[in-house]
Amino acid sequence: MTINMEQQKRYGHFDDQHREYVITDPQTPWPWINYLGNEDFFSLISNTAGGYSFYKDAKFRRITRYRYNNVPMDNGGRYFYLKDGDTVWNPGWKPCKTPLDFYECRHGMGYTRITGRKNQVEASVLFFVPLKKWGEVQKVTLKNLSQEPKQLKLFSFEEWCLWNAATDMENFQRNFSTGEVEIEGSTIYHKTEYRERRNHYAFYHVNTEIQGYDTDRETFVGLYNEFADPQAVIEGRPRNSHAHGWSPVASHYIEVTLQPGEQKDFVFLLGYIENAQDEKFEAPQVINKKKAHALIASLDTTEKVDQAFAELSAYWDDLLSIYKVKTGNDKLDRMVNIWNQYQCMVTFNFSRSASFFESGVGRGMGFRDSNQDLVGFVHQIPPRARQRIIDIASTQFPDGGCYHQYQPLTKRGNNDIGGGFNDDPCWLIFGTVAYIKETGDFSILDEMVPFDNQPGTEVTLFEHLKVSMDHVLNNLGPHKLPLIGRADWNDCLNLNCFSMDPNESFQTTENKSEGSKAESLMIAGLFVVTGKDYVALCKQIGKDDEARRMQQAVDAMTEAVKKDGWDGEWYLRAYDFFGGKIGSKECDEAKIFIESQGWCTMAEIGAEEGMVAKSLDATKKYLECEHGIVLNNPAFSKFVYEYGEISSYPEGYKENAGIFCHNNPWVIIGECLAGRGNDAWSHYAKILPSYVEEKYQTLHKVEPYVNCQMVAGKDAARPGEGKNSWLTGTAAWMWYTVSEFILGIKPDYEGLRIDPCLPETAKDYTVSRKFREADYEITVHPNGHQKGVRQIVLDGQPIEGSVVPYAPGKHTVDVTM
Ligand code: BGC
Ligand code: NOJ
């Protein structure tokens with residue numbers, strides 16, 4: 001095989017000790033981003049400081065503006081310009097792109113540090129959102145590395161968004177007349193629409209006296225200039241402009257003298273403030289700045305900022321101490337201990353709303369997405385997971401159906417997309433069970449939760465779980481398999497859509513499911529898996545009749561799959577509107593799909609009859625390729641009107657035979673349950689970012705430290721090319737798979753169930769697991785076995801079975817396979 005040098009090129013490396021990814025070349029194959037913020041105030045930041053900030057909701061409370069899919073790509077962000085004589089440069093290389101003598105970007109846990117050097121000046125900027133603060137800190141450290149004094153001119157730059165990120169991009173006849181700012185000392189306030197119904201404003205502050213400023217974009221940049229050569233910076237002269245309408249921005253101008261070896265810090269703060277209705281103004285037209293002053297005062301010195309930064313690191317130390325593995329394989333350990341958990345936090349916070357592939361205006365929180373994200377997050381901060389479950393359940397309808405999405409700011413279901421995705425209800429069980437197993441907190445089941453957020457409709461959360469199960473049972477098709485509705489997990493298998501109008505979105509067009517026979521084997525498997533969980537839960541809380549009722553339903557579903565869902569070598573995918581088979585050897589294209597192989601093997605349907613093993617083998621044979629497991633095979637080569645969006649994608653991309661990483665773990669878990677550790681591991685390593693990082697930085701294109709939603713499949717033009725990084729269910733599923741099924745430490749009602757499934761080459765390893773009020777130090781000796789625990793010794797005493805019973809305190813566990 002010839003080695004393609006371009007594919008071998010490296011742009012960075014992991015620094016495990018600091019929990020960072022270090023980017024050493026600013027011209028990454030795509031912007032490599034990070035997320036700042038923990039609960040309310042968030043920012044996206046690329047390796048060249050591009051990106052934007054928002055409060056809670058990337059659509060309704062956008063603080064700074066971003067232009068998507070721009071030329072050049074990733075244009076706009078928080079930029080610092082340094083003018084040193086005639087040279088103008090940025091620490092992050094962009095936007096001026098002045099060649100730097102040194103460049104480095106370190107993406108860490110909730111922070112990014114970008115350092116540039118030019119002509120013996122070093123500028124290092126630390127970006128982070130302090131815990132519990134509504135603002136982004138940018139600590140700029142300038143250092144004179146030369147033997148001569150340096151006279152520098154420093155310009156900051158942020159561009160305000162007029163709050164609603166959607167209308168900000170379109171309603172210019174209004175937008176160009178509404179912009180308003182105030183300037184007070186070194187603080188620039190953005191108060192567009194504050195005069196009317198908005199009770200919030202933003203500000204950009206620096207903790208030093210400034211020698212000038214600009215707040216009008218065209219004055220600062222110049223109408224015929226670009227971010228790369230703003231007029232004011234090039235001339236080294238701010239205009240002290242005051243924006244009225246058009247496009248308000250915020251730029252500080254600071255003159256800095258540095259003696260040889262001298263270093264100075266400047267703390268910039270981008271903040272967000274809300275005021276009560278009757279406290280909005282301090283004088284007519286003048287915003288009440290009391291809270292802004294307080295926020296500024298809490299972060300106005302290097303010491304305070306360093307303290308806040310230390311708190312953020314301690315917070316991550318804590319979070320990452322809950323599950324820690326030591327296998328001796330750095331590539332595995334760094335993903336499990338650092339990056340996979342970090343990505344789970346990010347997906348929990350953002351669902352699928354804001355990334356460099358999700359504009360933040362299209363989607364809020366997904367019902368199914370957030371329930372799955374929760375499973376990767378619940379061990380980190382259980383109370384937040386608890387609240388999320390209640391929020392999600394509150395968007396359910398009385399019949400168990402669900403709004404497919406809701407807005408994080410209002411927590412209300414999104415009417416544009418509506419409901420009808422018939423897999424959605426099952427995910428509430430998946431999320432809730434994970435929460436209870438982690439915490440032992442059964443009281444969540446008694447919480448009173450409304451339907452569709454309507455006061456007066458409250459029933460217990462348990463009742464929501466019950467109607468969820470019943471929703472599947474009340475919507476069975478001719479083969480007693482679940483009707484698919486608008487779509488199941490695969491949003492693009494639109495069997496009741498029949499759209500020929502290119503102006504219609506497949507996702508929101510009328511759901512013509514009246515009289516439809518379209519059934520889903522994916523939902524069937526999902527129902528069996530979550531149904532078994534539901535049965536076990538009912539038994540835990542003494543609802544034996546309900547357990548019995550649902551066990552019967554699970555058994556019936558299992559039989560229905562065996563009878564009408566088996567194609568001979570693998571599970572069918574679905575039946576279409578007319579009752580025709582999808583994902584069958586009888587089909588011309590897309591004879592086999594991954595989703596039903598994943599879910600029906602996880603459900604172990606027909607294991608005794610050999611179906612599970614056959615399905616897993618068929619998956620390897622027909623779906624696996626060098627970069628992972630593709631979604632379907634062969635890819636659709638033409639549009640199939642009856643199937644909808646799936647066949648709209650060119651071969652090898654997205655839902656048409658792309659490697660949709662989210663579903664690969666389903667097969668891996670199927671492999672683990674079947675005890676096939678070698679196969680499980682080989683599937684896992686193919687999509688594990690650290691393994692991909694080592695081989696394919698250029699080809700893969702997107703960030704090498706996190707999973708992306710889709711890697712182009714074998715039928716694509718560039719197999720192995722990644723897209724849609726960060727916000728994907730892959731994060732939670734990779735975590736669930738490795739922590740519970742491969743390394744095999746699984747929270748259960750009574751304690752930790754230990755049941756690893758490993759490649760036969762696995763060496764001894766240790767997992768430190770905090771679980772409720774206990775600390776377990778678990779050492780596993782695989783002895784060349786892929787599966788099967790022979791003996792567990794708890795605190796020196798052998799125990800029966802594979803569940804280490806929960807007891808507060810410190811424990812050591814020794815596991816021999
Ligand atoms: C994508 C899906 C996505 C859906 C909903 C489709 O175009 O292919 O992955 O879930 O849109 O936004
Ligand atoms: C992305 C969506 O967020 C998710 O809900 C869906 O299951 C997958 N695409 C597959 O279509």
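FYI, side chains are in, hydrogens and waters are out, and symmetry mates aren't considered; it's all heavy atoms of this structure. For ligands, and for the atoms within them, numbers begin at 1 and follow the listed sequence. Just so it is clear, the structure is predicted and the values come from calculations on it, not from any experiment.
- For atom 2 (C) of ligand 1, the nearest protein heavy atom (residue, atom name, distance) is Glu655 OE2, 3.0 Å.
- Within the 3.5 Å criterion, the main-chain N or O of Trp570 finds no donor-acceptor partner in the side chain of Asp567.
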Q.
If you apply the rule salt bridge (charged side-chain N to carboxylate O under 4.0 Å, His left out), what do you find for Arg368 with Asp491, and how did you get there?
A. CA-CA 11 Å; Arg368 76 158 83 92; Asp491 281 340; 2.8 Å; yes
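- Of the protein's heavy atoms, Asp491 OD2, 2.6 Å lies nearest to atom 10 (O) of ligand 1.
- Only side-chain heavy atoms of Arg368 come within less than 4.0 Å of ligand 2; its backbone N, CA, C and O stay farther off.
- Under 4.0 angstrom from ligand 1, there are no non-hydrogen atoms of Phe506.
- A cation-pi arrangement is present between Arg62 and Tyr52 under the rule of less than 6.0 angstrom and at most 45 degrees off the ring axis.
- No more than 12 heavy atoms of other residues, nucleotides or ligands shown are found within 6.0 angstrom of NZ on Lys517.
- In terms of modelled atom types and a separation under 3.5 Å, the side chain of Thr509 and the main chain of Phe506 share no donor-acceptor contact.
- The shortest contact between atom 1 (C) of ligand 2 and any protein heavy atom is with Gln709 NE2, 3.5 Å.
- Among protein heavy atoms, the minimum distance from atom 8 (O) of ligand 1 is reached at Tyr649 OH, 2.5 Å.
- Of all the heavy atoms of Asp369, the ones lying under 4.0 Å from any atom of ligand 2 belong exclusively to the side chain.
- Glu645 OE2, 2.4 Å is the protein heavy atom nearest to atom 7 (O) of ligand 1.
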